[in-house]
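Order of listing sets the numbers, starting from 1, for every ligand and every atom in it. Throughout, numbering of the chain's residues begins at 1 and tracks the sequence.
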Amino acid sequence: MTILALETSCDETSAAVVRDGKILSNTVSSQIELHAQYGGVVPELAAREHLKNLLPVATAALCGAKISADQLDAVAATQGPGLPTALLVGLKAAQAVAFVLRKPFIGINHHEAHLYSPWISGNPPAADFGNFQPNVSLIVSGGHTILVLVESELKHRVLGSTVDDAAGECFDKTGKLMGLAYPAGPEMDRLSGSGNPRAFDFPRPLLHDAGNDFSFSGLKTSVRYFLRDNPALLDDPQKIRDLCASIQAAIVEVLVTKTIRAAKRNGVRCVTASGGVTCNRALRHELALACKKNGFTLHLAEKSLCTDNAAMIGILAERKLAQKIPGTSLDEDIKPGWELA
Ligand code: KG4
Ligand code: ZN
């Protein structure tokens, strides 16, 4: 089966061609530089960029896969959640292509697709569902922090999510307080490499709370007041590195502790993680250590598949078709608030 998948839920325009579990192409055009000058994603600008970029990106994906449109068996797109006008561009384009080709259309939940991206690996990348194990999956990005119990393929239950800011948002906003450019997460990761994670003691919100929810706004506020009271720290490059490492340590400790605890409680032996923050080296390292200590298998999405991409949309669409799950009507609209259940 050969599928063209489109992803335009936020600030990446992406198209991929997937065939029989293999990713033949995965083209991603990022808008980060455009939004950086505004300090965050501007929804209307994102939608206009998607309109401009979708056709070249989709053409590049088809060319890269050496596939012509008449060889496609189905078309998929992210239906939600995401920015409404951004979602609209990819969804309506995919529905139009499916209509013209008279092929099935599959509308995909963006977060459900993240759940399976850690199972894609290799060169060329392919999904390895033969080794699938029930797992607890951490989806951690600029907009979301979600813990999900994935009982079997396509069967999942949300255990908890953030009650305020997402972990990536906490990186970005605390980084901004230190004068780092948007998105600050990657730069904080880099600076932390030569910083002392024990230099400053920041709160670990909800770490000892019995539930599976997260909260990061208190940590952000704590950093804000700390910097207000100690502004001279920002004049010293080493202190900035120490601050980055200390904030990162607080975020990572909460993410790792709660993920491992959820895995133990739910009796699974496998942990997975995806989403932009999963690129973070400390998070990858600490999750690996904690999983080793507890005898869990760990599947981390490859860095190129952590951030938003159409390949994961195509892989999930193919699984759904293989399991005879009916396609989505061409009359269906975007679902901007379609949270995982
Ligand atoms: O998944 P993603 O590309 O987009 C959405 O938010 O949907 O994630 C972007 C987020 C940003 O908050 C960015 O700062 C964060 O992921 N991020 C990182 C790293 N790379 C990306 N945070 C910490 N360390 C990183 N290496
Ligand atoms: Zn995402």
Inset, instruction - Looking only at distances, please establish whether an N/O atom of ligand 1 is found under 3.5 Å from an N/O atom of Asn280. - result: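 Yes, Asn280 has an N/O under 3.5 Å of an N/O on ligand 1.
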Atoms of ligand 1 less than 4.0 Å from [X] heavy atoms?
X: Gly168; answer: 12 (O)
X: Gly143; answer: 6 (O)
X: Asp308; answer: 1 (O), 4 (O), 7 (O)

Legend entry - Where Ser246 and Ala199 come nearest, the two heavy atoms and their spacing: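 That would be OG-N, 3.7 Å.
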How close does the nearest protein non-hydrogen atom get to [atom], and which residue and atom is it?
atom: atom 26 (N) of ligand 1; result: Asp189 OD2, 2.8 Å
atom: atom 15 (C) of ligand 1; result: Val277 CG2, 3.9 Å
atom: atom 14 (O) of ligand 1; result: Asp172 OD1, 2.6 Å
atom: atom 3 (O) of ligand 1; result: Thr307 CG2, 3.2 Å
atom: atom 9 (C) of ligand 1; result: Gly142 N, 3.8 Å
atom: atom 22 (N) of ligand 1; result: Gly185 CA, 3.4 Å
atom: atom 17 (N) of ligand 1; result: Gly276 O, 3.7 Å

Would you say the side chain of [Y] lies within less than 4.5 Å of the side chain of [X], judging by non-hydrogen atoms?
X: Val28; Y: Asn26; result: yes
X: Leu115; Y: His156; result: yes
X: Ser192; Y: Arg241; result: no
X: Thr8; Y: Asp308; result: no

Legend entry - Apex the Zn ion (ligand 2); atoms His114 NE2 and His110 NE2; angle rounded to 10 degrees: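 Answer comes to 90°, rounded to 10°.
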Legend entry - Minimum-distance N/O/S atom that Asp308 presents toward the Zn ion (ligand 2):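 In Asp308, the heteroatom (N, O or S) nearest the Zn ion (ligand 2) is OD1.
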Inset, instruction - Assess His111: does it contribute an N, O or S atom lying under 2.8 Å from the Zn ion (ligand 2)? - result: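 Checking His111: none of its N, O or S atoms is under 2.8 Å.
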Inset, instruction - Using atom types as modelled and distance alone, determine if a side-chain donor or acceptor of Glu169 lies under 3.5 Å from a backbone N or O of Ala166. - result: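 Side chain of Glu169 to backbone of Ala166, a donor-acceptor pair under 3.5 Å: yes, one is there.
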Inset, instruction - Please test Ile315 against Phe129 for side-chain contact (heavy atoms from CB on, under 4.5 Å), starting from the C-alpha separation and ending with a verdict. - result: CA-CA 11 Å; Ile315 290 287; Phe129 290 115; 3.8 Å; yes
Legend entry - Arg224 atom CZ: more than 12 heavy-atom contacts under 6.0 Å: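 Counting neighbours around CZ of Arg224, 12 or fewer heavy atoms of other residues, nucleotides or ligands fall under 6.0 Å, so no.
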Legend entry - Ion pair Lys320/Glu112, N-O distance below 4.0 Å: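 Glu112 and Lys320: salt-bridged.
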Inset, instruction - Answer side chain, backbone, both or neither: which part of Cys279 comes under 4.0 Å from ligand 1, heavy atoms only. - result: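 Looking at Cys279 and ligand 1, atoms from backbone and side chain both fall under 4.0 Å.
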Inset, instruction - Please report the C-alpha distance between Ile260 and Cys291 in whole Å, then the side-chain angles of each, then the deciding distance to 0.1 Å, and finally whether the side-chain contact (heavy atoms from CB on, under 4.5 Å) criterion is met. - result: CA-CA 7 Å; Ile260 298 292; Cys291 284; 3.9 Å; yes
Inset, instruction - Please verify whether a non-hydrogen atom of Pro186 lies at under 4.0 Å from ligand 1. - result: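 Checking ligand 1 against Pro186, which is what was asked, there is a heavy-atom contact under 4.0 Å.
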